[in-house]
Chemist: 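Quick one: the structure is below, and I'll ask about it shortly.
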2 protein chains.
Amino acid sequence: MNQASSNSNNNGAPSGGSGNAAGGAGSSPTFSPLYQQIKALITQSLQSGEWKPGELIPSEVELAGRFKVSQGTVRKAIDELAAENLVMRRQGKGTFVSTHHEARAHFRFLRLVPDEGVPHHPDNKLIEVKRMRAPAEVARLLDLKSGDAVVYIKRVMSFEGEPTILEEIWLPGLLFKGLTAERLIEYRGPMYGLFESEFGTRMIRATEKIRAIAADSTAAEFLHVKEGSPLLCAERVSFTYGDKAVELRRGLYLTAHHHYQNELS
Amino acid sequence: MNQASSNSNNNGAPSGGSGNAAGGAGSSPTFSPLYQQIKALITQSLQSGEWKPGELIPSEVELAGRFKVSQGTVRKAIDELAAENLVMRRQGKGTFVSTHHEARAHFRFLRLVPDEGVPHHPDNKLIEVKRMRAPAEVARLLDLKSGDAVVYIKRVMSFEGEPTILEEIWLPGLLFKGLTAERLIEYRGPMYGLFESEFGTRMIRATEKIRAIAADSTAAEFLHVKEGSPLLCAERVSFTYGDKAVELRRGLYLTAHHHYQNELS
DNA sequence: GAGTGGTCTAGACCACTAA
DNA sequence: TAGTGGTCTAGACCACTCA
C-alpha cells in the first residue's frame, strides 16, 4: 500500500466491500481511497469481534504500522468511524469500541422525552414473548423469507409509573436463538445492551417511519387511554454491520406529556 | 498565527466566539484550536454576506494565504462547515455557499414522504397572512418580548391535490418587515428560498417536537377529515447563524398516505 | 515520563472541471 | 493547461491520562 513510491494508482488490492457498481458496462474498476480501504478493514475487525464493544482498539500508530500506511490515513479512517458512532475517541486514553452499555447511548434510539423536566429511564413490563413464523410484512422488512422463524416481544414502558409506550418487536429467529422471557426479565439495562452482549448483534443505525394513529382497544387498555385516542406510531428498522436489517419495532407512544424530539440539520 | 516558530500557544488572538467557560473561577483562558478560529472567521463572512448563497468562496489556497495558516488548517475548517451544510464542496470547481434554492434542499426540513412512490413537491394555498403581537408562548420560543411584532402565516399544503399539511408560521416582525401575502404568492419555490433571497435570513438548522393530537374543527375542515381524527403535530423552531431562533412553525400532518421519515444514527 | 489522540505544517500527487 | 478540491505522507508539537 505504499503510495509515494510504488505506484500511481492506489488500487493494488481493492477492498471489494460495498459494491457501488452503479450504471451499465462494468468498465469502471471500483475506486476507493486508501483511507476508505483502511476503514473497511477496521470495520471488519469490529464486526468479527476482534475488538469487542467497550474495549480499546490499537493505537493509531500501531494500526498505521500494521496496514503500512501513515498515521494520518488511519486517523481519517477512524474519524469517519467515530462520526458514525462505531468507535469513540478519548484524548490521552485511546479509541474504544462503542457500546450500548452507557447512559449516553440510552437515548440515541429512544427519542421520546418529557415535555418538562429531564429524561428518566423507563420501567419495562413484558407482555408477551414467543417464537413464531414471520408474517409477510415482517419478513419483507427484515429481509427474511415469509414463514421464517422470528422472536416476537410485546412490552409496555412506563415513565414515573405512567404507561407511555406499547411496543412490539420482531427479531430474526436465527440470530436470537436463546432469547427467552427469562433472559429479558433478568437482564437489567437497555435491550440493545443485551443484544450486544449476549447475542453479538450490535445495532448501528435505524430508520423510523412516524405516523399518528387512533388507539385500538388493545393499545387503549395498555396505555390507559380511550379507544380512538391519538397515538404516535413509530415503525423502526434497525441495522447492524453491512446495513443488514436485524430488528423491526413498532412503538405506540402516548404523547400527552412527552414528545418525540428531533434535530434537523 | 504562525504556529511552528513564534509561539508554543496558539492563542495569540482568540476568536472570542462561543464561550465555553464552564465551571468556576475563570482562570482557564478560552482555548480553541486554530482551525476553529478560522472556521469562525469564515462563518462571519458567510453571515455578513461577503459571500452570498450559491456563490463560490475563495479557494483553500487563497484563504490559507489570507489567514496566514496552512491549507490543511483551512481544509479542516471547511470540512466542518460542509458537514454542517453551510457550504458545499465540488471537486474541480470550488466551495459554494449553500442555498435553499435547490431541489435537494427542499426535503431537508420537510420530512413528510408518501408511503408509496417518490416524493413530490407540494402545492401551497395561503389561508392567512397578518402582522400581530407575539403571544407569550411564541415570544418565548423566538426569544422575543411578549407583545413584539410577528408575522403570522397560515397555509395548507397539498400533495397531488390532497390537502395534507395545515401549517402555522410565526416570524420575528423586525427581520421580515416587507413580508406580505403578495410576496408569498408571487414567489415560486420553497419558502426558505424566499427568506434567504429577499430577507437575508438563512435557516441553518432546526429542532422539532412531534406529537399525535386529535383534529379540532379547523384542522378537520382544512384537511378534509373528521373532527377528532389523529394528526401528527410537528412544532419546529428554526435557527440561523449564531443559533438565533428566527422561525416558529406548527404543522399538522395528515398521515393516512404519508409518514414522517427519520434516520437514527 | 511514556503513550495516546489532537492540531498544524509543508509538500507531493491525483481526479475533476473548464477555458 | 491551469486551477480546484481530494488524498497521502512525514514530522513536529500540544493536551490529556495514567502509572
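Letters go in sequence order (proteins before strands), and every chain restarts at 1.
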Chemist: Hey, which of these two, B/Glu60 or A/Val74, hits DNA chain D nearer its 5' end, going by closest nucleotide?
Modeler: B/Glu60

Chemist: For C/dA10, take OP1 and OP2 only and decide whether either is under 4.0 Å from a side-chain N or O of B/Ser70.
Modeler: no

Chemist: Is B/Ser59 near enough to D/dT4 that one of its side-chain N or O atoms lies under 4.0 angstrom from OP1 or OP2?
Modeler: yes

Chemist: When the distance from CG of A/Leu34 to P of C/dC14 is rounded to whole Å, what number comes out?
Modeler: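 Spelled out: CG on A/Leu34 to P on C/dC14 is 14 Å.
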
Chemist: What is the distance from NZ of B/Lys76 to P of C/dG5, rounded to the nearest Å?
Modeler: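 Interatomic distance, NZ of B/Lys76 to P of C/dG5: 14 Å.
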
Chemist: Using ring pair (Phe, Tyr, Trp, His ring centres under 6.0 Å) as the criterion, list what pairs up with B/Phe239, not counting sequence neighbours.
Modeler: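 If we apply the ring pair (Phe, Tyr, Trp, His ring centres under 6.0 Å) test to B/Phe239, skipping adjacent residues, there are no hits.
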
Chemist: With side chain to side chain donor-acceptor pair (under 3.5 Å) as the test, would you mind laying out the steps for B/Glu208 and B/Tyr260 before giving the verdict?
Modeler: CA-CA 12 Å; B/Glu208 286 193 334; B/Tyr260 185 102; 2.5 Å; yes

Chemist: Assert yes or no for the condition that the ring centre distance of B/Phe107 to B/His121 is strictly below 6.0 Å.
Modeler: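 Close enough - the centres of the two rings lie under 6.0 Å apart.
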
Chemist: Once you measure the plane-to-plane angle for B/Tyr192 and B/Phe195, does it fall in the parallel (<30°), tilted (30-60°) or perpendicular (>60°) bin?
Modeler: tilted

Chemist: Please state how far atom CD in A/Gln71 lies from atom C1' in D/dC8, giving the value in whole angstrom units.
Modeler: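 It is 13 Å, rounded to the nearest whole Å.
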
Chemist: Expressed as a whole number of angstroms, how long is the span from A/Phe96:CZ to C/dG5:P?
Modeler: 9 Å

Chemist: In whole Å, what is the span from the CG atom of A/Leu63 to the P atom of C/dG3?
Modeler: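 So the two atoms are 16 Å apart, to the nearest Å.
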
Chemist: In whole angstrom, what separates A/Phe67's CZ from D/dT7's P?
Modeler: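 About 19 Å, once rounded to whole Å.
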
Chemist: Write down the distance between CD1 (B/Ile57) and P (D/dG3), rounded to a whole number of angstrom.
Modeler: 18 Å

Chemist: Nearest whole angstrom, please: distance from the C1' of C/dC8 to the CD of B/Gln37.
Modeler: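 B/Gln37 atom CD is separated from C/dC8 atom C1' by 12 Å.
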
Chemist: Verify the contact: side-chain N or O of A/Arg89 to OP1 or OP2 of C/dG6, cut-off strictly under 4.0 Å; return yes or no.
Modeler: yes

Chemist: Does C/dT7 have OP1 or OP2 under 4.0 Å away from a side-chain N or O of B/Thr73?
Modeler: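 For C/dT7, neither OP1 nor OP2 has a side-chain N or O of B/Thr73 closer than 4.0 Å.
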
Chemist: I'd like to know if the side chain of B/Arg111 and the backbone of B/Gln261 have a donor-acceptor N/O pair within less than 3.5 Å.
Modeler: yes

Chemist: Select base, sugar-phosphate, or nothing to describe what B/Arg75 touches, counting heavy atoms under 4.0 Å on all strands.
Modeler: base

Chemist: Write out a two-atom table: protein N or O, nucleotide N or O from nucleotides 17-19 of chain C, distance below 3.5 Å.
Modeler:
residue: C/dA18; atom: OP1; partner: B/Lys93; partner atom: NZ; Å: 2.9

Chemist: Would you check if the side chain of A/Ser197 reaches a backbone N or O of A/Leu194 as a donor-acceptor pair within less than 3.5 Å?
Modeler: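 Pair absent, no side-chain N/O of A/Ser197 close to backbone of A/Leu194.
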
Chemist: If only atom types and distance count, is the side chain of B/Arg249 paired as donor or acceptor with the main-chain N or O of B/Ile169 below 3.5 Å?
Modeler: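 Such a contact is absent between B/Arg249 side chain and B/Ile169 backbone.
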
